[in-house]
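What you see is a predicted model; the values in this text were computed from it and never measured. The chains referred to below are lettered A, B, ... by the order of the sequence lines, with proteins before strands, and numbering in each begins at 1.
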There are 2 protein chains.
Amino acid sequence: MNLKELSEKLGLSQTTVSRALNGYPEVNEETRRRVMDAARRHNYRPNMRAKSLATGRAMAIGHIIPLSTKHEIVNPIFADFIAGAGEVYSSAGYDMVLSVVSDADEARAYRDLKAKGTVDGVIVHGPKLDDQRIPLLHDIALPFVVHGRSTGCTIPYSWLDVNNRRAFERATEFLLDLGHRRIALVNGLEYMDFAVRRRTGYLSALERRGITPDHRLMRSEEMTEGYGYRTARELLSAPDRPTAFLTASLISALGVRRAIEEAGLRMGRDVSVVTHDDELSYLRNGEDVPIFTATRSSVREAGRGAAEMLLSIIAAANPDSPPQSRLLEATLVVGMSTGPGPAASQ
Amino acid sequence: MNLKELSEKLGLSQTTVSRALNGYPEVNEETRRRVMDAARRHNYRPNMRAKSLATGRAMAIGHIIPLSTKHEIVNPIFADFIAGAGEVYSSAGYDMVLSVVSDADEARAYRDLKAKGTVDGVIVHGPKLDDQRIPLLHDIALPFVVHGRSTGCTIPYSWLDVNNRRAFERATEFLLDLGHRRIALVNGLEYMDFAVRRRTGYLSALERRGITPDHRLMRSEEMTEGYGYRTARELLSAPDRPTAFLTASLISALGVRRAIEEAGLRMGRDVSVVTHDDELSYLRNGEDVPIFTATRSSVREAGRGAAEMLLSIIAAANPDSPPQSRLLEATLVVGMSTGPGPAASQ
DNA sequence: TGGCGCATCCAAAGCGCTTTGGAATTGATT
DNA sequence: AATCAATTCCAAAGCGCTTTGGATGCGCCA
């Protein structure tokens, strides 16, 4: 059932039917009712390809997932972000198109998306310290919102981010207040912008208390369970072992906990752990009371926010309007993984 | 840069340029070279909307993610499946469109996808015991491949599945061979088809050894860490506690391990654990040697396979061709989580 | 009565591509 | 020299929609 058939069945022109369905004023209310009714009865849905071609709007948003040799991008937070963004898209009548491309093809993938006209805008995931995708998208004039920020980037752009620096600063202060002095940072890969911000927060908290950071306590890797485990096991076996760990993800924190228990220590008593928690739907930080003390910020909510921002930018359709931005604060929730450190008991 | 401009620049008709680019034979090889060259120089990409409209093919595959009140669908395996399928799509020139819809809107979402013409086919995720999506898709004549199977479904359809029954049967036999007699099944939700198949496998292994299944040892829930933990803690505190656990996912297995350790027991010595392992890229079962003994089957590989199958079905474009199917066998890998049970030491 | 504005509808052009049904040129065949 | 079959190209129709630029009919006022 297409417009032509529907309009013939109604004895109206395609113009009128189209206008009736799209809410234009120049059509009699009674006619509109008739049209709407017939459309519903015949289960009519306008063909999006034709509509897109005619209007120039794809009614779709792109997400490009670079498929690294490493696996960090097919990462657990991605599914939740997508779920949040997807909710917003579908209630706004937009589709979401994903492209999984190898790292090398990423730039071409963005150009293609633009040239082929498959999407009206894109969300940029996992920005690096100086991310080349931002100037690229700026050049090809494809509307975009960055999930995160890119410190090295000079041109203005729209973004939505968690205040990672502040979150880790507060988490570090929290541990310091408990009397911990040797706090290990089990960070993510530090070519990722968020990881650097987190380290900055950690360092500034230490500095404010006049504590010289120990570089042996600062690690940076892809955030897997194994990484958390290996790192914690190694650090715990050293002579002056840390009394607290600050980890960048719940998954790594699980590894840290495993190493702690394996060493015959008890988490929350002998060793404290604070982790960042993205509130992933399938990996909750405990049920009622949190297992880990955590800096919590829902990545799904971030997905919603980023999608809304992008849609509003596209709706404005003004390339000269100033970029938008939004900084989400993480909440510091106290769980069972933290307790007083050595300085407190002195 | 569109076809018209490009053809004007070349002094050729749109027809010829189009044919040159699409590899049709009725064009001089030298002309073709000229065209290809100009296309590359001007970075020409045909507008997919127009192309789709003209050809009637969307060059896109849909994945519908129902957003349950429960969270099981935004599940960790989804990201990896998508990554695998995505690889196949992009190398075949297809786009992947995701729709996140609430449970109630799922049927309408499929109808819309068909009517709006946004996709050429869909992949059905997480089939239930008697899944209504299969007859629906059959009715609306939208090509599809099911990841998994639906036992209650009578009409033929294409699917790709892991031999879940066999995998759990083998895992159970393995534990029985080790001398375990009280084996707990920490299964997924049993309205999901795969979960029922796994239980069947578990039961048939027990039966073959003449062991009466103890229903108190069989649990079924959404596969979270917390579920594994709670279940194991409860079962381990019972008078005749199980000596082995068979879990449906690595995430639940982590919870089981936590409960084991918390009870002061040692996994692999006091209590054995076998889990199913989907080989998720961010949650590996150990690095070199597996932590858990596991029935292993890459969900990413399943994504590739399902995508290939769907594309081949679409390419055949014959609605009467017989449905395809593929059954993947899981491999049983031995890790450090299993050891002899009480019957062996008697 | 003629003219004006308003409400309501329509025909047709266009979005950028593919594809049908020739047309023109060439070389080989009779 | 005339015919024929390839070869190579093109004009135009069509995919299903939106949107421009009227057309039509109506009541209303002068």
DNA chain C nearest-nucleotide lookup for B:Pro46 and B:Glu26: closer to the 5′ end is B:Pro46
Between A:Pro25 and B:Tyr24, whichever has its closest DNA chain C nucleotide further toward 5' is A:Pro25
At a 4.0 Å cut-off to heavy atoms of chain A, the contacted part of DNA chain D spans D:dG16 to D:dG21
Taking for B:Asn28 and for B:Thr55 the nucleotide of DNA chain D with the nearest heavy atom, the one nearer the 5' end belongs to B:Asn28
Of B:Arg19 and B:Ala54, the one whose closest nucleotide on DNA chain D sits nearer the 5' end is B:Arg19
Looking at every strand, decide which applies to A:Ser52 at a 4.0 Å heavy-atom threshold: base, sugar-phosphate, or nothing. nothing
Would you say A:Asp193 and A:Ser150 are linked by a side-chain donor-acceptor pair, where the criterion is simply a distance under 3.5 Å?
no
Next item on the list: Indicate whether any N or O donor in one side chain lies under 3.5 Å from an N or O acceptor in the other, for A:Thr15 and A:Ser18.
Entry: no
Practice prompt. Could you tell me whether a side-chain N or O of B:Asp95 sits under 3.5 Å from a main-chain N or O of B:Ala60, the two making a donor and an acceptor?
Written response: no
- Query: Are the side chain of B:Ser7 and the backbone of B:Leu3 linked by a donor-acceptor contact shorter than 3.5 Å?
  - Reply: yes
> Do the charged groups of B:Arg34 and B:Asp37 touch, with an N to O distance under 4.0 Å?
Replying inline: no
When A:Val145, A:Ile314, A:Val122, A:Leu98 are each screened for side chain to side chain contact (heavy atoms under 4.5 Å, CB included) with A:Ile61, the one that passes is A:Ile314
